[in-house]
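So the structure is just underneath, and the comments pick up after that.
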Amino acid sequence: MKIIGTGRSHPSLVVTNDMLSQILDTSDEWITTRTGIKERRVISTENLEDLSIDAAKKALADANMDAKDLDYIICANVVNEYICPAMSCIIQGAIGATCPCFDLNGACVGFIYALEIAESFYRSGKYKNILVVCAEEPSRMVNWHDRTASVLFGDGAGAVVLTEGDNIKATKMSASCNWDRLYQKHELQYSPFNKKPNSNLPLVMHGQDVFKFATRAAIKDISHVMKETGYQPDEIKHYLIHQANLRIINNIKEYLNQPDEKFPLNIQKYGNTSSASLPILLDETNKEGRLQRGDLIVMSAFGSGFVSGACILEW
């Protein structure tokens with residue numbers, strides 16, 4: 001498959017580090033030096049489905065495609081207002097599509113999961129046009145009285161339109177079950193038969209463990225797709241790395257021995273938007289005119305599970 005359209009959408013509310021210092025024991029310097037984040041967008045008056053629909057429509061417009069020409073919609077999402085129906089079903093109706101759809105929860109790696117699934121669909125010969133939407137609202141998950149995780153995340157949505165092609169060169173997906181390092185549990189409804197204690201808790205994050213895993217996993221996955229394709233780091237024009245922590249990105253950059261200009265950044269503006277991070281960064285890079293036909297792009301992401309993934313694609 002190949003990507004022929006991109007789009008993104010952000011909440012209107014900008015929450016700066018200085019604003020967080022008014023409600024948390026933190027500061028702009030503390031957050032910036034540890035993460036690279038200066039501000040993030042947080043849902044206030046919008047709904048996540050509004051952002052998802054907006055990003056989808058922008059991607060379709062960029063691809064010059066009508067929603068009725070879509071054969072499938074895949075939505076990566078961790079949490080939103082609805083347990084059911086699937087977010088993809090809400091998007092499908094709002095944009096006027098008639099195709100089947102489903103949601104997946106791949107945490108921050110959801111976009112690469114969706115690309116690999118879409119590529120498998122294409123290889124089956126059954127579908128032609130696929131919309132991938134990544135819609136995330138981590139602000140719903142964190143404890144806003146605890147600086148451990150709340151300062152890291154932002155909300156947003158990113159989307160791409162895919163069609164037939166031969167632009168995915170390699171993918172690598174990995175998983176290592178260390179769920180207790182980064183997780184959230186919640187209890188939906190009371191049951192008279194459930195004897196377990198209430199587990200409606202905010203996101204739990206062991207930052208150092210996540211940091212170490214992310215760095216190791218990203219380097220391992222990127223090295224794997226490089227070896228599989230035979231490409232050398234110098235041949236890659238753009239490295240799009242999940243915008244979770246600037247220090248992780250710098251570690252990967254140092255390992256690959258590549259210049260800063262190959263690593264576009266927006267973490268300072270949006271923070272970690274989970275699976276929406278990569279499609280948002282891709283759209284931003286695309287709309288800035290930095291992507292040229294034939295450019296080789298490496299994408300890498302890592303998240304709760306632990307899961308990770310990388311791919312190489314040609315623009």
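Throughout, numbering of the chain's residues begins at 1 and tracks the sequence. Below, each value reflects all heavy atoms present in this structure, side chains not excepted, and no hydrogens, waters or symmetry copies.
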Are the side chain of Asn167 and the backbone N or O of Leu313 linked by a donor-acceptor pair below 3.5 Å?
-> no

Determine whether Asn251 and Ile248 make a side-chain contact, defined as any pair of heavy atoms from C-beta on separated by less than 4.5 Å.
-> no

Is there a side-chain contact between Cys99 and Ile73 (heavy atoms, below 4.5 Å)?
-> yes

Do Leu60 and Asp69 come within less than 4.5 Å of each other through their side chains, counting heavy atoms only?
-> no

Derivation and outcome, side chain to side chain contact (heavy atoms under 4.5 Å, CB included), residues Phe111 and Val160 | CA-CA 10 Å; Phe111 183 59; Val160 297; 3.7 Å; yes

Any side-chain heavy-atom pair of Trp315 and Thr285 under 4.5 Å = no

Are there more than 12 heavy atoms of other residues, nucleotides or ligands under 6.0 Å from atom NZ of Lys212?
-> no

Would you find a donor on one side and an acceptor on the other, under 3.5 Å apart, between the side chain of Asp155 and the backbone of Val42?
-> no

Would you indicate whether the side-chain heavy atoms of Val151 and Ile37 approach each other to under 4.5 Å?
-> no

Under 3.5 Å, is there a donor-acceptor pair between the side chain of Lys169 and the main chain of Asp166?
-> yes

Side-chain donor-acceptor pair under 3.5 Å between Glu136 and Thr273, yes or no?
-> no

Answer yes or no: is there a side-chain heavy-atom contact under 4.5 Å between Leu162 and Tyr122?
-> yes

Between Lys58 and Asp54, is there a salt bridge with N-O shorter than 4.0 Å?
-> yes

Begin from the C-alpha positions of Ile74 and Leu104 and carry the test side chain to side chain contact (heavy atoms under 4.5 Å, CB included) through to its verdict.
-> CA-CA 7 Å; Ile74 303 172; Leu104 67 88; 3.6 Å; yes

Ignoring hydrogens and angles, state whether a donor on the side chain of Ser174 or Asp221 is under 3.5 Å from an acceptor on the partner side chain.
-> yes

Determine whether Ser139 and Trp144 make a side-chain contact, defined as any pair of heavy atoms from C-beta on separated by less than 4.5 Å.
-> yes

Hey, which of Thr26, Asp28, Thr32 is the one that makes side-chain contact (heavy atoms from CB on, under 4.5 Å) with Trp30?
-> Thr26

Would you call Glu284 and Lys269 a salt bridge, using N to O less than 4.0 angstrom?
-> yes

Side chains of Asp146 and Thr148, donor plus acceptor under 3.5 Å | yes

Point-to-point distance, once rounded to the nearest 0.5 Å, from OG1 of Thr16 to CD of Gln22 | 8.5 Å

Is there side-chain contact between Asn272 and Cys108, with heavy atoms separated by less than 4.5 Å?
-> yes

Side chain to side chain contact (heavy atoms under 4.5 Å, CB included) between Arg8 and Tyr270: does it pass, once the steps are laid out?
-> CA-CA 12 Å; Arg8 71 183 189 276; Tyr270 304 129; 4.3 Å; yes

Same apolar cluster (I L V M F W Y, side chains within < 4.5 Å links), Leu152/Val79 = yes

Identify the residue among Lys262, Met226, Gln258 that makes a side-chain contact (heavy atoms from CB on, under 4.5 Å) with Val298.
-> Met226

So how far is it from Arg41 CZ to Glu46 CD, rounded to the nearest 0.5 Å?
-> 9.5 Å

ILVMFWY network linking Leu296 to Ile4, side-chain heavy atoms under 4.5 angstrom = no

Take His238 and Asp295, measure what side chain to side chain contact (heavy atoms under 4.5 Å, CB included) needs, and give me the verdict at the end.
-> CA-CA 8 Å; His238 309 280; Asp295 283 356; 3.1 Å; yes

Ignoring hydrogens and angles, tell me if any N or O in the side chain of His242 forms a donor-acceptor pair with the backbone of Ala214 under 3.5 Å.
-> no

Which class fits the ring pair Tyr72 and Tyr127: parallel under 30°, tilted 30 to 60°, perpendicular over 60°?
-> perpendicular

Any donor and acceptor pair, going by atom type alone, linking the side chain of Ser277 with main-chain N or O of Gln243 inside 3.5 Å?
-> yes

